[in-house]
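Computed from a predicted structure; not experimentally measured.
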Amino acid sequence: MSVLDAPVGAAPGRPAGENLVPVFVRLKLTLLRNGLRQSAGRRAAYITSVVVTLLCAAGLLLGLTALHGHAHAASLVVLLAGVAAVGWAVMPLFFPSGDETLDPSRLVMLPLRPRPLVSALLVSSLVGIGPLFTLCLAAGSVFAVARGAAGAVFAVVAAPLALLVCVALARAVATANTRLLTSRKGRDLAVLSGLVIAVGFQVVNFGAQRLGRAGGLSALDPAADVVRWLPPASAIGAVDSASRGSYGQASVQLLLSVAALAALLWLWQRSLVKLMTAPDGSTLAAAGPGREKAGKGGAGLAALLPQGRTGTVMERSLRYIARDPKTKAAWTTALAIGLIVPVLNALQGTGSVYFACFAAWMLGIQMYNQFGQDTSAFWMVALTISSTRDAYLELRARALALLLITLPYTIVVTVVTAAMLDDWAALPEVMGLSLALLGGMLATGAVASANFPYSIPQDGAFKNVAPGQAGLAWISIFGGMVSAGLLCAPLIAVTIWLHVADHEQWLWLLLPVGAGYGALIAWAGLRAAAPRTADRLPEILAAVSKG
């Protein structure tokens, strides 16, 4: 008999049919409370996220209620519901929040039947910031289109139904892909999905800008006519149809969302059964000619790199990028967004060559938390660092490995952006600023890696930061990026002065000056981070091994 066929609550004295819903809700609240007790940084990050989300939800709710009675309000709210559903489907996979209570793989050894388990997980999933924001979106949407008694009746059902469909969709997708994302080869496939998400965000941005130029919500009507028949947007569309007196159409649209919810719950239950009873073949060791070929490929890479410690560290860093799923996903997303932002803005005709600096900024982020990607294996690196010079060579080699990718990529993106905008005159200054920014990011990234290291857990797809270290991650990345901008302030000031003083004939000097300045501050940052790294090796090892 499988664990899923065993009676619920096998412990002595506990009835087999005990309701799991309050148990799982209490479990989630308890884990959340205990997690917030671990550190002040974690509490600060969570409270900040709650405040920001509540402010955004309140603003969205007020904005949607202000649309009540607008002729084209239904088109907007229907499309918002569709975008929310897409977000719920992909965000838990590729932008994890670290919610361990929703990871079904942790429940494998418990004697739980699938149907009560689905109900308990569904209700516990409604506890959180995301569901609250979605509920505000749904409530504001139905209020914007509800008119009359029939519209009000459908609105009372449609708002919670839309929320349930979104949550069930997220849980079904996440459960179906749990093992996919926790295996190395499977998580490699998530890189492509991350690219789709990155492109999707920019497409939404592009559409919003086009909507602004169109001059009204009427431009949304053709797309909304299709989306209003797709759950959960069909629930919102049902309120509009009922308000217009189309009761048959409203009933069909509402039933579509009900059917979608039932189908998602059924698929979720099947995925749970498979996850908790089927063996995981992704962990079987692979052997054969493929592994021999992979080993031979490393010799060719090593031959192109410098000899000694520098080449060894560079090869290790490049292998992380090529093989570690989370590192690969971060790099692929950065490469994609770094090109998409300037190119899409150029295609709209409203872009600027200065958008090419975004590529250097996105790739420079990869310098942050250098030791975290090593996880517990950092102890082997720590054994090779016995002096400030050793630490400097380690950091310099990691920076050089990043430059092998970031430097040519930054140049290519800048040239492509200038070509698309036909603004070759601005190419030297933008290239200089990009190289200076890249140097600033390398410098602050090295310092942040030494002072604010944090672990990147490898045991699950639902965590990118170990519990209690979210505050460190925020300080490391965002504090470092602000510092990099301040380091580039002198060059930015010179650029502005040359334009204001009408000395544009000297702007070409910004290219060599920017390259030299970027190299100088990168060197200074590595020098400053080296003694700190050598002195804090035990603390760094403890921090990156936490997950």
Looking at [X] and [Y], would you say the former's side chain and the latter's main chain have a donor-acceptor pair under 3.5 Å?
X	Y	answer
Lys28	Ser124	yes
Tyr409	Leu339	yes
Ser455	Val544	yes
Ser246	Ala242	no
Ser449	Asn369	yes

For the [atom1] atom of [X] and the [atom2] atom of [Y], what is their distance to the nearest 0.5 Å?
X	Y	atom1	atom2	answer
Leu117	Trp268	CG	CH2	7.5 Å
Leu60	Thr134	CG	OG1	10.0 Å
Leu264	Gln269	CG	CD	13.0 Å
Trp331	Ile365	CH2	CD1	11.0 Å
Met367	Leu438	CE	CG	10.5 Å
Arg113	Ser119	CZ	OG	13.0 Å

Have Thr444 and Tyr368 got a donor and an acceptor in their side chains that come within less than 3.5 Å?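 Looking only at side-chain atoms, Tyr368 and Thr444 do form a donor-acceptor pair, the distance falling under 3.5 Å.
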Without hydrogens or angle criteria, can the side chains of Ser241 and Gln249 be said to hold a donor-acceptor pair below 3.5 Å?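 On atom types as modelled, these side chains qualify, holding a pair under 3.5 Å.
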Could you tell me if the side chain of [Y] sits less than 4.5 Å from the side chain of [X], heavy atoms only?
X	Y	value
Pro232	Leu161	no
Leu132	Leu126	no
Phe143	Leu64	no
Phe24	Val123	no
Val142	Phe154	no
Met420	Val343	yes

Mind checking what makes side chain to side chain contact (heavy atoms under 4.5 Å, CB included) contact with Leu255, not counting sequence neighbours?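 Counting only residues at least two positions away or on another chain, Leu255 forms no side chain to side chain contact (heavy atoms under 4.5 Å, CB included).
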Would Tyr354 and Thr417 count as a side chain to side chain contact (heavy atoms under 4.5 Å, CB included) here? Give the steps. CA-CA 9 Å; Tyr354 287 95; Thr417 306; over 6 Å; no
What's the shortest heavy-atom distance between [X] and [Y], and which atoms?
X	Y	answer
Ala139	Leu61	C-CD1, 4.3 Å
Gly151	Val239	O-CG1, 3.6 Å
Ala168	Leu265	CB-CD2, 4.2 Å
Thr65	Leu62	OG1-O, 2.8 Å
Met441	Trp361	CE-O, 3.5 Å
Cys357	Leu437	O-CD2, 3.6 Å

Residues two or more places apart in sequence or in another chain: which of them pass salt bridge (charged side-chain N to carboxylate O under 4.0 Å, His left out) with Arg115?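 By the salt bridge (charged side-chain N to carboxylate O under 4.0 Å, His left out) rule, Arg115 matches no residue at all.
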Which residue pairs satisfy the salt bridge (charged side-chain N to carboxylate O under 4.0 Å, His left out) criterion with at least one member in residues 237-247, sequence neighbours excluded?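 Applying salt bridge (charged side-chain N to carboxylate O under 4.0 Å, His left out) to every pair that reaches into residues 237-247, excluding sequence neighbours, yields Arg228-Asp240, Asp240-Arg244.
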Partner of Ser234 by side-chain contact (heavy atoms from CB on, under 4.5 Å), out of Val78, Val252, Leu256, Val258: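 Of the listed options, the one satisfying the test is Leu256.
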